[in-house]
Amino acid sequence: MQILKTHVEFCSDLFPQTQSEMEKWGEQIWGENLAKYLIKQLNQFGVVTNGYVVEDWGYIIYLENEKYQPIWIGCGYYEEYHNGFLIFLNPSQPIIRQWCFKKINILDQLIELANIIDRILYQNPNIKKIKW
């Protein structure tokens with residue numbers, strides 16, 4: 001049985017806070033540079049994105065690929081470390097409800113996306129302490 005990985009934390013100095021994030025959030029929220037990096041890397045793996053949206057906790061990356069609907073990726077600063085970040089898949093459960101009665105199994109899509117994110121993180125030597 002494979003463990004479903006939906007949240008990954010890591011450390012890196014590659015994704016500093018942007019000027020607009022500093023002005024809007026102070027030192028509490030950032031991840032715009034991480035969102036941009038993920039979008040570029042996901043596209044190289046054939047995962048088409050529809051940009052990102054800022055939230056009061058970080059960033060949402062929406063996926064355009066039909067096969068990954070209705071999954072989205074969240075990312076942002078992780079306060080556990082001074083240079084920590086968190087990426088997560090949502091929904092994080094393999095069975096979701098669509099409409100009132102229909103259940104959809106998205107286990108394969110979640111596993112595939114987690115594996116892609118894992119490869120993106122591990123291929124960059126400036127990303128450390130990767131922990132699912």
Side-chain angles (χ1 to χ4, degrees):
M1 181 175 142
Q2 184 173 9
I3 296 174
L4 181 58
K5 304 181 299 185
T6 59
H7 292 68
V8 61
E9 63 183 59
F10 61 93
C11 294
S12 181
D13 293 321
L14 289 177
F15 314 110
Q17 192 175 31
T18 65
Q19 185 65 36
S20 63
E21 288 172 320
M22 283 187 233
E23 292 168 2
K24 185 171 184 178
W25 305 107
E27 292 189 13
Q28 295 179 349
I29 297 171
W30 75 80
E32 183 174 17
N33 286 322
L34 173 58
K36 290 177 181 177
Y37 175 80
L38 281 175
I39 287 169
K40 181 178 177 185
Q41 296 299 312
L42 288 165
N43 286 332
Q44 290 180 4
F45 280 91
V47 180
V48 182
T49 64
N50 193 14
Y52 61 87
V53 175
V54 65
E55 292 288 338
D56 60 357
W57 49 262
Y59 294 82
I60 294 176
I61 299 171
Y62 290 106
L63 308 178
E64 285 191 11
N65 300 62
E66 184 66 31
K67 76 185 241 179
Y68 297 124
Q69 296 301 315
I71 302 168
W72 52 267
I73 299 171
C75 66
Y77 174 63
Y78 187 52
E79 295 177 3
E80 195 71 24
Y81 311 101
H82 77 281
N83 62 349
F85 294 91
L86 177 71
I87 299 171
F88 62 93
L89 300 173
N90 191 337
S92 60
Q93 298 299 316
I95 306 292
I96 60 171
R97 287 194 183 272
Q98 190 174 47
W99 311 111
C100 291
F101 304 105
K102 186 177 181 182
K103 290 183 181 180
I104 300 173
N105 186 333
I106 59 169
L107 178 63
D108 291 341
Q109 293 89 336
L110 289 172
I111 290 171
E112 186 175 332
L113 283 171
N115 288 337
I116 290 169
I117 291 169
D118 196 59
R119 289 174 62 193
I120 289 169
L121 296 177
Y122 275 104
Q123 75 184 9
N124 191 320
N126 295 309
I127 296 175
K128 309 283 187 199
K129 298 181 183 177
I130 301 167
K131 183 173 141 188
W132 284 91

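- Leu113 CG to Ile71 CD1: the interatomic distance, rounded to the nearest 0.5 Å, is 5.0 Å.
- Atom CG in Asp56 sits 5.5 Å away from atom CD1 in Ile29 (nearest 0.5 Å).
- Atom OG of residue Ser20 and atom CH2 of residue Trp30 lie 13.5 Å apart, to the nearest 0.5 angstrom.
- With Thr6 contributing its side chain and Leu89 its backbone, the two residues share no donor-acceptor pair below 3.5 Å.
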Does the ring-ring contact (aromatic ring centres under 6.0 Å, His included) test come out yes or no for Phe88 and Trp132, once each step is laid out?
CA-CA 10 Å; Phe88 62 93; Trp132 284 91; over 10 Å; no
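- Contact record, Ile87 with Cys75: CG1-CB, 4.1 Å, taken as the closest heavy-atom pair.
- Here the closest heavy-atom approach between residue Asn33 and residue Pro16 is recorded as ND2-O, 2.6 Å.
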Start with the C-alpha distance between Leu38 and Tyr59, add both sets of side-chain angles, then the distance that settles side-chain contact (heavy atoms from CB on, under 4.5 Å), and finish with yes or no.
CA-CA 11 Å; Leu38 281 175; Tyr59 294 82; over 6 Å; no
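- Formation of a donor-acceptor pair under 3.5 Å by the Glu21 side chain with backbone atoms of Gln28 is not found in this model.
- Tyr78 and Ile120 end up in different hydrophobic clusters when Ile, Leu, Val, Met, Phe, Trp and Tyr side chains are linked at under 4.5 Å.
- For Ala35 against Ile61, the heavy-atom pair with the smallest separation is O-CD1, 3.8 Å.
- Clustering ILVMFWY residues whenever any of their side-chain heavy atoms sit less than 4.5 angstrom apart, transitively, puts Phe10 in the very cluster that holds Ile39.
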List the steps and the verdict of side-chain contact (heavy atoms from CB on, under 4.5 Å) for Asp13 and Asn126.
CA-CA 7 Å; Asp13 293 321; Asn126 295 309; over 6 Å; no
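- Between Tyr77 and Trp57, the distance separating the two ring centers is not shorter than 6.0 angstrom.
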Test Leu121 against Ile117 for side-chain contact (heavy atoms from CB on, under 4.5 Å), laying out the working first.
CA-CA 6 Å; Leu121 296 177; Ile117 291 169; 4.0 Å; yes
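- In this structure, Asn50 contributes its side chain and Glu64 its backbone to no donor-acceptor pair below 3.5 Å.
- Looking at residues two or more places apart in sequence or on another chain, you find a salt bridge (Lys or Arg N to Asp or Glu O under 4.0 Å) between Lys36 and Glu32.
- Placement of Trp25 and Met22 in two distinct hydrophobic clusters is found when ILVMFWY residues are connected by side-chain heavy-atom separations under 4.5 Å, directly or transitively.
- Note that NE2 of His7 is 7.5 Å distant from CG of Asn90, once rounded to the nearest 0.5 Å.
- Here the closest heavy-atom approach between residue Phe15 and residue Phe85 is recorded as O-CZ, 3.3 Å.
- Looking at heavy atoms from C-beta onward, Ile73 lies in side-chain contact with Leu63 at the 4.5 angstrom threshold.
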Could you walk me through whether Trp72 and Tyr52 satisfy the side-chain contact (heavy atoms from CB on, under 4.5 Å) test, starting with their C-alpha distance in whole Å, then the side-chain angles of each, then the deciding distance to 0.1 Å, before giving a yes or no?
CA-CA 10 Å; Trp72 52 267; Tyr52 61 87; over 6 Å; no
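- In terms of heavy-atom proximity, Phe45 sits nearest to Gln123 at CZ-OE1, 4.2 Å.
- Lys67 approaches Glu112 most closely through the heavy-atom pair NZ-OE2, 2.9 Å.
- Note: the hydrophobic cluster containing Val53 also contains Leu86 (ILVMFWY, side chain heavy atoms under 4.5 Å, direct or indirect links).
- When the shell of 6.0 Å around CD of Glu79 is examined, it contains 12 or fewer heavy atoms from other residues, nucleotides or ligands.
- When atom types are taken as modelled, the side chain of Asp118 and the backbone of Val8 share no donor-acceptor pair closer than 3.5 angstrom.
- Taking NZ of Lys129 as the reference point, atom CG of Asn83 lies at 7.0 Å (rounded to 0.5 Å).
- Here the NZ atom belonging to Lys128 is positioned 15.0 Å from the OH atom belonging to Tyr81, to the nearest 0.5 angstrom.
- Both Ile130 and Ile111 are part of a single hydrophobic cluster, where members link through side-chain heavy atoms under 4.5 Å apart.
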